[in-house]
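Atoms within a ligand are numbered from 1 in the order they appear, just like the ligands themselves.
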Amino acid sequence: MIARRMRLIDSSGIRKVFDLARSMKNPINLSIGQPDFDVPENVKRAAIENIMAGRNRYTVTQGIPELHEGVREHLKRTRGVDAQNILITSGVSGGLVLAFLVLVDEGDEVAIPDPYFVMYKHLTNLVGGRPRFIDTYPDFRLRKEALRAAITSRTKVLVLNSPCNPTGITYTREELEGVAEVAREHDLLVLSDEIYDCFCYLDNCPSMASIYPKTLLMGGFSKSHAMTGWRLGYATGPADVIAEMTKLQQYSFVCAPSFAQYAGVTALEYPLDGACEAYRAKRDLIYNGLKDNFDVQKPEGAFYIFPKAPWGTDQEFVAEAIKNNVLIIPGSVFSERATHFRISYAAPDNTIKQGIDVLNRLASHRR
Ligand code: PLP
């Protein structure tokens, strides 16, 4: 009964972790992919006020003009991006579904730096494309030579995710310029998922869209404003791509949630520097706590760190951590390799410190 394409989506890795985690009573939880703060008060109030004012109906498919204006101004001011064509999406996830359906034909290759956010692989497979992974271990930087070597005559899209889930690696402007040089040689469309742009610990967070015009930039409110449940994001890029995504949104998601769109206008007016500074301190806490006992890169963005398992496979080390009440995610969920694990430090400092203690103890066990 179930369509064949569903066989291409394998969720066994993450299921195994949650099966193991079920027995945990009060875990030291370092697995969560969302901030540990709540939606800012004024944004919540804006959502409630708009619901009470009756703004509960379908909006136009492309999203309300006020939010277009807000996103345009935000991208100009914070990222130096001139966003001409915008589609408001049901989260970045909604935007990704539309983008893959619109861009990737059967047999097209999608270049994906590994480690990667899981949706890229599964959506590529779902639409009949072929993921072409670019191994970026051990430092997780994307070098133009590696990118060039991965490109074939079938490559259509390159997916970038900076700051990156799960590594926290954030590309510098020079790195992005190198990537753009190769993309230009092959006329690739770059799908740049910049959902973590608000958590960037470099001096500035360069956007691929400010460097390479054929970029489909995606961003959202899930991470910056902890609005994960409200399902709000945006896409901007080449006119024809945005037009086709809008057409497909009409026949799928219809529109992003109306109250969230109105509240999103308020969200964009809310300064986020405090959250970024707080998370930079958490990044320092986790990195300094692990660096002596783990092979680990210092993240420059997002709220994840991706150390190498000090012994065993990723699954074996994670199983041991779970036995010791620390919940982390095996790297093979995000990678073709099974050697690392992902920690989310979007957690209270005390939880992070407890996690560091346990992980350091486990690292010394079976050396
Ligand atoms: N892209 C990346 C890299 C993510 O880590 C996530 C969520 O974890 C998403 C997209 C999905 O975001 P949204 O809640 O806007 O759908």
Below 30° counts as parallel, above 60° as perpendicular, anything between as tilted: where do the rings of Y137 and F140 land?
perpendicular

Are L75 and Y234 packed together at the side-chain level, in the sense that at least one heavy-atom pair is separated by less than 4.5 angstrom?
yes

Taking only non-hydrogen atoms of S222 and a 4.0 Å limit, the atoms of ligand 1 in range are 13 (P), 14 (O), 15 (O)

Can a donor-acceptor pair be found, under 3.5 Å and without considering hydrogens, that links the side chain of D108 to the backbone of G129?
no

Work out which heavy atom in Q249 is nearest to a heavy atom in I88; give both atom names and the distance.
NE2-O, 2.8 Å

Pull out every atom of ligand 1 sitting under 4.0 Å from any heavy atom of K223, numbered as shown with elements.
6 (C), 7 (C), 8 (O)

What atoms in ligand 1 come closer than 4.0 Å to a heavy atom of R231?
13 (P), 14 (O), 16 (O)

Check: T236 side chain, N85 main-chain N or O, donor-acceptor pair, under 3.5 Å:
yes

Only one of L103, V190, V159, D193 clears side chain to side chain contact (heavy atoms under 4.5 Å, CB included) with L216; which?
L103

Identify, for atom 6 (C) of ligand 1, the protein heavy atom at the shortest distance, and state residue, atom and that distance.
F117 CZ, 3.4 Å

Region of F221 engaging ligand 1 - heavy atom pairs below 4.0 Å:
neither

With nothing but distance in play, are any N or O atoms of S90 less than 3.5 Å from an N or O of ligand 1?
no

Considering heavy atoms of the protein only, find what lies nearest to atom 12 (O) of ligand 1 and give residue, atom and distance to 0.1 Å.
I195 CD1, 3.2 Å

For S332 and D314, the nearest pair of non-hydrogen atoms, with its separation, is OG-OD2, 2.5 Å

If you draw a 6.0 Å radius around CZ in R5, do more than 12 non-hydrogen atoms from other residues or ligands fall strictly inside?
no

Check ligand 1 against Y196 and write out every atom of the ligand that is under 4.0 Å from a heavy-atom position of the residue.
3 (C), 4 (C), 5 (O), 8 (O)

Any idea which part of S93 is under 4.0 Å from ligand 1, heavy-atom wise: side chain, backbone, both or neither?
both

Quick look: Y120 vs ligand 1, heavy-atom contacts under 4.0 Å, and the answer is side chain

For N161, atoms of ligand 1 separated by under 4.0 Å from a heavy atom:
3 (C)

When distances are taken from atom 2 (C) of ligand 1, the protein heavy atom at minimum range is D193 OD2, 3.4 Å

Heavy-atom contacts with G91 under 4.0 Å: which atoms of ligand 1 show up? List them by number with element.
15 (O), 16 (O)

Sidechain-backbone polar pair: K282 side chain, A347 backbone, donor-acceptor under 3.5 Å
yes

Indicate the ring-plane relationship of F199 and F303, choosing parallel, tilted or perpendicular according to the 30° and 60° boundaries.
perpendicular

Min N/O separation T228 to ligand 1 under 3.5 Å
no

Any idea which part of V92 is under 4.0 Å from ligand 1, heavy-atom wise: side chain, backbone, both or neither?
both

